[in-house]
4 protein chains.
Amino acid sequence: MQLLTSCNLTFDIQVPTPFVLMLRPRSGAQQWVAREEYKLEPGVPAFEFTDSYGNLCQRLIAPPGIFGVYTAAEVVTQDWVDQAPGAPFVEVEYLPDGVLSYLLPSRYCESDRFGQMATEITAGQWLGYDQVQAIESWLKANIRFEPYDSDIQLSATEINERGWGVCRDLSHLGIALCRSLSIPARMVVGYLYGLEPMELHAWFEAYVGGQWYTFDATQAELKGGYVAIGYGRDAADVAVFNQFGPPVTVRSQFVSVQRMETS
Amino acid sequence: MQLLTSCNLTFDIQVPTPFVLMLRPRSGAQQWVAREEYKLEPGVPAFEFTDSYGNLCQRLIAPPGIFGVYTAAEVVTQDWVDQAPGAPFVEVEYLPDGVLSYLLPSRYCESDRFGQMATEITAGQWLGYDQVQAIESWLKANIRFEPYDSDIQLSATEINERGWGVCRDLSHLGIALCRSLSIPARMVVGYLYGLEPMELHAWFEAYVGGQWYTFDATQAELKGGYVAIGYGRDAADVAVFNQFGPPVTVRSQFVSVQRMETS
Amino acid sequence: MQLLTSCNLTFDIQVPTPFVLMLRPRSGAQQWVAREEYKLEPGVPAFEFTDSYGNLCQRLIAPPGIFGVYTAAEVVTQDWVDQAPGAPFVEVEYLPDGVLSYLLPSRYCESDRFGQMATEITAGQWLGYDQVQAIESWLKANIRFEPYDSDIQLSATEINERGWGVCRDLSHLGIALCRSLSIPARMVVGYLYGLEPMELHAWFEAYVGGQWYTFDATQAELKGGYVAIGYGRDAADVAVFNQFGPPVTVRSQFVSVQRMETS
Amino acid sequence: MQLLTSCNLTFDIQVPTPFVLMLRPRSGAQQWVAREEYKLEPGVPAFEFTDSYGNLCQRLIAPPGIFGVYTAAEVVTQDWVDQAPGAPFVEVEYLPDGVLSYLLPSRYCESDRFGQMATEITAGQWLGYDQVQAIESWLKANIRFEPYDSDIQLSATEINERGWGVCRDLSHLGIALCRSLSIPARMVVGYLYGLEPMELHAWFEAYVGGQWYTFDATQAELKGGYVAIGYGRDAADVAVFNQFGPPVTVRSQFVSVQRMETS
């Protein structure tokens, strides 16, 4: 399907404030960016770089006053997410080098503390895709999804104790569980067509059967309409904006995803 | 200034033909891509990757029939190109690692054969920017610029013998002369506002005084309005399309660069 | 000074076990590897790759039985670590792209939770090197250094509560405090000449005044003799070995650092 | 087999001279560096970096006087080079991104001018390995191998006209012929056990059947004992030393490869 995505942010800035932004989707294995737009108001110089996960990031200094970031993209994406029950676990020795770092614990995914729990959740499953599916099902059944964001970022162990979380939190717990079974898993931030309420979304991918597959414990079923903006080990890597210095106020954040008529 | 650039290519394809395209400008030190569009007709799956020079490339298989690539971008670029007479030569030991490869000879820039000639052309100049400027002036005075493309790609030594060339050829000779003096130099392909006749353009950059500076022996004076699409060692690295298999016919190539009203 | 470093590990392996090892120092800004040796017993195929932090890693499958890794290196390193009181804080907008990721929280360094505390510790200091020195002093005064390793890896917040830790723990807390002040900081694992008891060591580096400086809260004074093996965001990135599958027993670990006669 | 390789170079230096050296083999798919040694005399600071082909390079300033570079390595390598008659041609669309640049023409491999000739040489062959083998056979039959180096570096077209060349020259022509058939090919410089007379050697690799295979038109048969030092598009990328500024005299170059008793 062809989607028109957009994310508009405005900030109240008091002092010149450095930002690193990550709001520019790139074409990849599962999406093609056909048109893309990026406007800053006021217009300030911005410098782009690619981070070590391959995300396109922009650096700039926001001047005092109201500062706006307006982005939009037309993206061709899959109608249905690929699913592959039975796709086998990839032994560590056969993982591509670049995938190895997604086995390690990270800020919000303390995978070093979930081995026992992951083993129980996935008991009796074929090694690989089916294990991740069991983890996703367990999350749906055991961690209540709340769409509204909390103020403070919690980690997988904290979410597991609390028993509920936003999309980011469920992803962190899913990732931690996967990694504790030596299944590489990564965080994705992006858009999802039809999400209610519409907001930026987070889900996770696991590497089984030789490729990355999408998982999302917040949705009843895995439909298509996912548009990835950024990939990373967890939310620490894929903030759509990182701001440095005195905190700034987000004045507004407006996200929209519309389906386009196929030309 | 804000420019609206576009490049539309159509091909007559006989058999399914793999292409690598490089038509997507990226934001960088001297330009900001505010809007960007990329359309294939018919729409086929395309995969993007970043090559070792940082260029954004697309891979696809063009199906038999008429195949079109339509690209457009709104780019904010400098009104005047930075010039820096007196900017010093950077001793090889102080060059950034990533710049070193631009000292080596390459397919169309046999810099290993121009040491004597470059020394003569730049005699009496301050080492650095002024040497490159002397090379640019020498090119203007000695190699006749012909805007229309030749069929076969010639190298710097061949151009030097022939005494005339297209923009690509003058750049190759300029690059070869710079490198033979241990000044890193690279090829840029892109758009130039006001170019007559309007076409894709090629120029070169030299690394002096700690940064890359633009040079262009085809223009009477160095104005602004340059939009880079790709960087490389020479034309072999920055073809806007590389096509593999039986040759295809370019049915049309239409390039346009317009100045936009500043919003 | 010229050092002969060596690290010998033996494991009791029950089932074929994948390992990723990181025991091969590389030449860098502060050390030159003049000779280097790496032996596996039994000899098994090993594949080398460079991770995203620039560390040289080896992958292999250890066969059942006793498995040994024997490494040694002759390294020329500084007699005294560079210190730079007064070296200024680098504003985020001027940090090199590659340094930005060292500002983010990571598994064991929850820098998002230390802003208040770091501000208090560094009150009245010049921004930059002096802040990091104040953090290092605070660590020496407030977190008791215990040379013997704990079984479980704790994070900076946990160490701060407990009040004591091994070299790795003190580094994590130092890193978290630096990052909370927007000072990039990274973990280093390696050798230290004269360490008592001799073991692999961990310290941290902070990026101020345009370069990385060494800090070590476990030592009374910053002498030289540091040999880095690996760099990363925290201990999760720089394990000298990562082992996958059923846990293995480390049968022996022997580390030695000797000073060589200058030839 | 286990080999002890060594390359010792001495230079007569008149003025402080920047060098980029490439004499440090790395472990890879086909070789394991078990021990390695690198000595400069006099000892000067040297900085290491990895170039865009993955080669480990050293930068330094050689001081006036006699300057020596002494390197040695113990390398485990294959007894017999892998051969794979029938290994299929990989369609461009299935080549890994990183392999694509080895399809392009380069300084000494003007592959854009060999299409007709390569088609004739490989007429009737299965697409892939067998084509490259036909090219290798053609080189053996048609280009006389001369072990002694020429003063000036010639390119593939020049070698083809002249009809004889050193190992580097035969490789260049082989590479140019492969690339003109859309078979990725790259230059390797390194050691070969049993080479007569013993010197640094050059050969080429072609990418067919999903991996790189070794070819060498200078040897009657493809035995093992190859130790790669550097990879690149052609000799311009893999000079074991690049020296900048006034030319220096190579006072001596001593290469040795010995077989070690298996421990």
What part of [X] is in contact with chain A, defined as an atom under 4.5 angstrom from a non-hydrogen atom: side chain, backbone, both or neither?
| X | result |
| --- | --- |
| C:D112 | side chain |
| C:Y108 | side chain |
| C:S101 | neither |

Of the listed A:G98, A:A239, A:A236, A:S155, the one with the largest count of heavy-atom pairs under 4.5 Å with chain C is A:A236

Review point. Side chains of C:R59 and A:L95: does their closest heavy-atom pair fall under 4.5 Å?
Key: yes

Fill in: Note, A:R233 side chain near C:R233 side chain (heavy atom, < 4.5 Å)
yes

The residue among C:L100, C:V92, C:L103, C:L104 that forms side chain to side chain contact (heavy atoms under 4.5 Å, CB included) with A:N242 is C:L104

Applying a strict 4.5 Å limit to non-hydrogen atoms, the region of A:D97 in contact with chain C is both

Okay, A:Y53 and chain C: the region with an atom under 4.5 Å from a heavy atom over there is side chain

Note: vs chain A, highest number of non-hydrogen pairs under 4.5 angstrom among C:S111, C:C57, C:S52, C:P105 is C:P105

With rounding to the nearest 0.5 Å, note down the distance linking [atom1] in [X] to [atom2] in [Y].
| X | Y | atom1 | atom2 | result |
| --- | --- | --- | --- | --- |
| C:S182 | A:Q243 | OG | CD | 8.5 Å |
| C:Q153 | A:E110 | CD | CD | 12.5 Å |
| A:F47 | C:E93 | CZ | CD | 10.5 Å |

Tell me if the CD atom of C:Q14 is crowded by more than 12 foreign heavy atoms within 6.0 Å.
no

